[in-house]
Novice: 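Right, I'll just put the structure down here and ask away after.
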Amino acid sequence: MDAVVIGSINVDLVVRVRDMPGPGATVLAESARHQVGGKGANQAIAAARQGVRVRMIGAVGTDAFAPMLKHSLVRAGVDVSGVAEVPGPSGTALIFLEPSGQNRIVVVPGANAALAPESVERVLLSTEAPRETAVMVQNEIPRDAVMAAIRAAHHRGWRVVWNVAPPSEVPSGVLRGGDVIALNEVEAAWVTGREVSDERAAREAAEEMLARGAGLAIVTLGPKGVVAASARGTYHLAAWPVEVRDTTAAGDTWLGAFVAAWDGSEDVRKALRYATAAASLCVSRMGAADSIPARREVEAFLRSRPEGKFV
């Protein structure tokens with residue numbers, strides 16, 4: 001399996017707080033740390049740790065964080081030959097982490113904003129990879145670059161996996177029958193214009209994404225599991241109960257693991273179980289990229305748990 005990830009590469013500043021400050025208020029944090037992050041980098045690392053050959057296309061700055069960001073990707077087994085260095089700061093994410101494990105994130109694009117559609121298209125069209133390659137894109141880079149990546153992937157006959165995060169418009173016809181669209185409940189609510197807080201609403205949102213052209217639509221629901229819809233049917237898989245310590249990178253882990261486990265066939269249930277297990281391990285650990293499990297850990301987790309129930 002091969003994957004090309006076009007997306008953001010950020011340095012995360014994670015701040016643990018007991019309570020979120022209200023308007024005009026100041027609170028003391030329990031701790032703070034820097035780590036590699038960004039939806040693109042996290043998904044690339046997640047896929048690579050499952051044994052996928054991954055090439056990253058993105059940009060870092062010329063600041064002190066850039067070498068650390070590239071080294072972290074290389075250490076995970078990601079090819080960074082498509083990562084450019086542009087003048088200025090690298091992307092930054094400010095992550096406020098509550099005791100429940102829930103987070104709130106503010107992203108400063110930095111170098112990610114310099115990722116031009118022309119360069120994305122040129123690199124993708126010149127990339128040597130098999131027809132089964134998955135092209136993973138997210139919305140922490142300019143929208144023109146996202147659309148260019150989708151067009152180039154279609155030109156090469158590759159499957160697109162579009163994580164619509166942060167949420168944006170999903171016009172009909174952008175995706176094709178072999179493509180995947182993935183959203184969490186907040187993003188699905190934004191895209192569809194209606195609340196998505198339970199399984200029924202997630203099914204409706206996923207089926208609407210099919211009507212807009214996707215071949216497979218995924219709505220993740222955190223502790224409530226995941227809903228996936230395709231022409232074969234709509235499935236709901238409950239999440240395994242785990243102690244949640246940090247939800248940062250959980251969605252990215254889920255997607256990277258799903259791409260590693262899904263061969264493009266109509267039956268997605270095995271891949272849904274695998275990805276949900278990977279995300280369960282991720283949220284039980286602290287950190288973003290550091291919390292992403294390796295393939296052997298996910299397989300061990302699945303062996304120790306009863307088979308997930310599909311509805």
Side-chain angles (χ1 to χ4, degrees), residues 1 3 14 16 35-37 39 41-54 72 75-78 97-103 134 136 161 163 180 182 184-185 198-199 202 206 216 218-230 232-311:
M1 169 64 71
V14 183
R16 292 180 59 86
Q35 62 190 25
V36 63
K39 293 185 181 298
N42 289 339
Q43 290 177 23
I45 291 171
R49 287 187 180 162
Q50 312 316 309
V52 177
R53 291 187 298 270
V54 182
S72 295
R75 189 175 58 191
V78 177
L97 182 63
E98 300 179 76
S100 65
Q102 190 56 263
N103 58 47
M136 305 178 70
V161 180
N163 179 206
V180 180
N184 65 21
E185 64 269 45
D198 56 24
E199 177 195 341
L216 175 64
I218 295 167
V219 179
T220 56
L221 297 169
K224 299 176 185 176
V226 60
V227 166
S230 69
R232 188 182 178 113
T234 303
Y235 305 103
H236 171 242
L237 175 64
W240 284 275
V242 294
E243 180 184 356
V244 177
R245 300 185 65 199
D246 186 351
T247 59
T248 307
D252 299 327
T253 298
W254 197 100
L255 278 169
F258 179 80
V259 165
W262 187 48
D263 60 3
S265 64
E266 291 185 1
D267 191 351
V268 301
R269 288 175 291 184
K270 181 179 179 181
L272 293 174
R273 288 188 69 248
Y274 186 89
T276 302
S280 296
L281 281 169
C282 174
V283 300
S284 68
R285 303 168 174 178
M286 296 299 300
D290 290 343
S291 69
I292 298 171
R295 186 179 190 89
R296 65 181 183 280
E297 296 175 298
V298 180
E299 291 174 343
F301 180 94
L302 286 169
R303 286 194 298 269
S304 68
R305 300 297 194 281
E307 186 172 350
K309 183 179 179 182
F310 287 91
V311 181

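What you see is a predicted model, and the numbers here were worked out from it, not measured in a lab.
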Novice: Of all heavy-atom pairs between Pro293 and Val298, which one has the smallest distance, and what is that distance?
Specialist: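 Shortest heavy-atom separation between Pro293 and Val298 comes out as CG-CG2, 3.8 Å.
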
Novice: Nearest heavy-atom pair of Ala250 and Ala279: which atoms, and what distance?
Specialist: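 The answer is O-CB, 3.8 Å.
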
Novice: Grab the two heavy atoms, one from Thr248 and one from Ser291, that are nearest each other, plus how far apart they are.
Specialist: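 Answer, listing the atom of Thr248 first, then Ser291: O-OG, 4.1 Å.
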
Novice: Can you confirm whether Arg296 is buried at CZ, in the sense that more than 12 heavy atoms of other residues, nucleotides or ligands lie under 6.0 Å from that atom?
Specialist: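 No.
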
Novice: With a 3.5 Å distance limit and no angle check, can you tell me whether Arg49 reaches the backbone of Ala294 through a side-chain donor-acceptor pair?
Specialist: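 Here the side-chain-to-backbone pair does not exist.
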
Novice: Which atom names give the shortest non-hydrogen contact between Pro223 and Ala239, and what distance separates them?
Specialist: O-CB, 3.6 Å

Novice: Nearest 0.5 angstrom please: Gln43 CD to Asp252 CG, how far?
Specialist: 4.5 Å

Novice: What distance do Leu281 atom CG and Ile292 atom CD1 have between them, rounded to the nearest 0.5 Å?
Specialist: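 Taking CG in Leu281 and CD1 in Ile292, the distance rounds to 11.5 Å.
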
Novice: Please report the shortest heavy-atom distance between Ala277 and Leu302, naming the atom on each side.
Specialist: CB-CD2, 3.6 Å

Novice: Return yes if a side-chain donor-acceptor contact under 3.5 Å exists between Asp263 and Ser265, otherwise no.
Specialist: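 Their side chains do contain a donor-acceptor pair, which is all the 3.5 Å distance test asks for.
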
Novice: Could you tell me which non-hydrogen atom of Thr247 sits nearest to which non-hydrogen atom of Val283, and how far apart they are?
Specialist: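 Thr247 and Val283 have their closest heavy atoms at CA-CG1, 4.1 Å.
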
Novice: Per the ring-ring contact (aromatic ring centres under 6.0 Å, His included) rule, what does the pair list look like for residues 262-284, sequence neighbours excluded?
Specialist: Phe258-Trp262

Novice: Exactly one of Val180, Ile218, Leu255 should register a side-chain contact (heavy atoms from CB on, under 4.5 Å) with Asn163. Which one does?
Specialist: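 When side-chain contact (heavy atoms from CB on, under 4.5 Å) is applied between Asn163 and each of Val180, Ile218, Leu255, only Leu255 qualifies.
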
Novice: CE of Met286 to CG of Leu97: how many Å apart, nearest 0.5 Å?
Specialist: 5.0 Å

Novice: Go through it in stages, so that I can follow the logic: the residues are Val268 and Leu216, the test is side chain to side chain contact (heavy atoms under 4.5 Å, CB included), and I'd like the CA-CA distance, side-chain angles, deciding distance and then a yes or no.
Specialist: CA-CA 9 Å; Val268 301; Leu216 175 64; 4.0 Å; yes

Novice: Rounded to the nearest 0.5 Å, what separates atom CZ in Arg285 from atom OG1 in Thr253?
Specialist: 9.5 Å

Novice: Within this structure, what is the CZ-CG distance for the pair Arg269 and Leu272, rounded to the nearest 0.5 Å?
Specialist: 9.5 Å

Novice: Atom CD in Gln102, atom CG in Asp246: separation rounded to 0.5 Å?
Specialist: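 So the gap between those two atoms works out to 10.0 Å.
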
